[in-house]
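Right, one structure below, let's go through it.
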Amino acid sequence: MSARFTLLVTASPYSKEGHHSALAFAKATIECGHHIECIFFHADAVYVASELNCPASDETNITFEWQIFAQEHKIELSVCIGASLRRGICDQETAVQEQLSSSNLATGFVIDGLGRLAQATAVSDRLIRFGG
């Protein structure tokens, strides 16, 4: 029987293994035939959505890994708007709305509110949190 999951990632992409664990879980979930409704990034996890991330050559580019995964499996990567703006990450629409000079949201990520997390959770069997 197939289950529906929503993943909530709150760990910074630069500390611990929160993002790597979340990505490994997401891949295993899909391989087992389950469905991921949404992957929602909140708190310091939103740093992963900056197109300005430039990890060292010997480090995994977790932003790129999320982008590839989401594209291959048609999964939504939602980034909390409040957490993003407080950390200097925004899309073009928000940049104009907030009168900012530019945007820096990486391709494949979408700015969303906590309502999206609530909506995804409501239609999911499980909410799994990956924190730091």
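Bear in mind that the values here come from a model prediction, so they are computed numbers and not experimental data.
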Considering all heavy atoms, the nearest [X]-[Y] contact:
X	Y	value
Ser2	Gly33	OG-O, 3.1 Å
Ala22	Leu7	O-CD1, 4.1 Å
Ala11	His19	O-NE2, 2.9 Å
Ala83	Ala43	CB-N, 3.7 Å
Ile81	Gly113	CG2-CA, 4.3 Å

Over 12 foreign heavy atoms within 6.0 Å of OH, Tyr14: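 Yes.
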Is it true that a side-chain atom of Asn104 and a backbone atom of Cys90 form a donor plus acceptor pair closer than 3.5 Å? yes
With sequence neighbours excluded, tell me which residues meet ring-ring contact (aromatic ring centres under 6.0 Å, His included) with His35.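 ring-ring contact (aromatic ring centres under 6.0 Å, His included) check on His35 returns nothing, list empty.
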Listed partners of His34 passing ring-ring contact (aromatic ring centres under 6.0 Å, His included), at least two apart: Phe5
From [atom1] ([X]) to [atom2] ([Y]), nearest 0.5 Å:
X	Y	atom1	atom2	result
Ile39	Leu23	CD1	CG	7.5 Å
Leu77	Leu105	CG	CG	10.0 Å
Asn53	Ile62	CG	CD1	10.5 Å

Tell me, with the steps shown, if Ile30 and Phe69 meet side chain to side chain contact (heavy atoms under 4.5 Å, CB included). CA-CA 10 Å; Ile30 296 298; Phe69 175 76; 3.9 Å; yes
Could you list the cluster mates of Phe40? Members are the ILVMFWY residues connected by side-chain heavy atoms closer than 4.5 Å, either directly or through other members. Leu8, Leu114, Leu117, Leu127
When Ile, Leu, Val, Met, Phe, Trp and Tyr are grouped by side-chain heavy atoms lying under 4.5 Å apart, directly or through other members, which residues fall in the same group as Leu52? none
I'd like to check the side-chain contact (heavy atoms from CB on, under 4.5 Å) partners of Thr60; sequence neighbours left out, ordered by chain and number. His20, Glu65
Those residues that, when tested against Glu59, pass side-chain contact (heavy atoms from CB on, under 4.5 Å) (two or more places apart):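 By the side-chain contact (heavy atoms from CB on, under 4.5 Å) rule, Glu59 matches Pro55, Ala56.
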side-chain hydrogen bond (donor to acceptor under 3.5 Å, both in side chains): pairs with one or both residues in residues 88-98, sequence neighbours excluded: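 Found Asp91-Thr94, Gln92-Ser103.
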side-chain hydrogen bond (donor to acceptor under 3.5 Å, both in side chains) partners of residues 121-132, not counting sequence neighbours, each pair once: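 Counting only pairs at least two positions apart or across chains, the side-chain hydrogen bond (donor to acceptor under 3.5 Å, both in side chains) contacts touching residues 121-132 are Thr6-Ser124, Thr10-Arg129.
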Please, which pairs that meet ring-ring contact (aromatic ring centres under 6.0 Å, His included) have at least one residue in residues 99-132, sequence neighbours excluded? Phe25-Phe130, Phe41-Phe109
Could you go through the side chain to side chain contact (heavy atoms under 4.5 Å, CB included) check for Val9 and His42 one step at a time? CA-CA 6 Å; Val9 184; His42 191 271; over 6 Å; no
Pairs in or reaching into residues 42-52: which pass salt bridge (charged side-chain N to carboxylate O under 4.0 Å, His left out), with residues at least two apart or in two chains? Asp44-Arg87
The complete set of salt bridge (charged side-chain N to carboxylate O under 4.0 Å, His left out) pairs with one or both residues in residues 23-42, sequence neighbours excluded, reads Arg4-Glu37, Glu37-Arg116
With sequence neighbours left out, the residues meeting salt bridge (Lys or Arg N to Asp or Glu O under 4.0 Å) with Asp112 are none
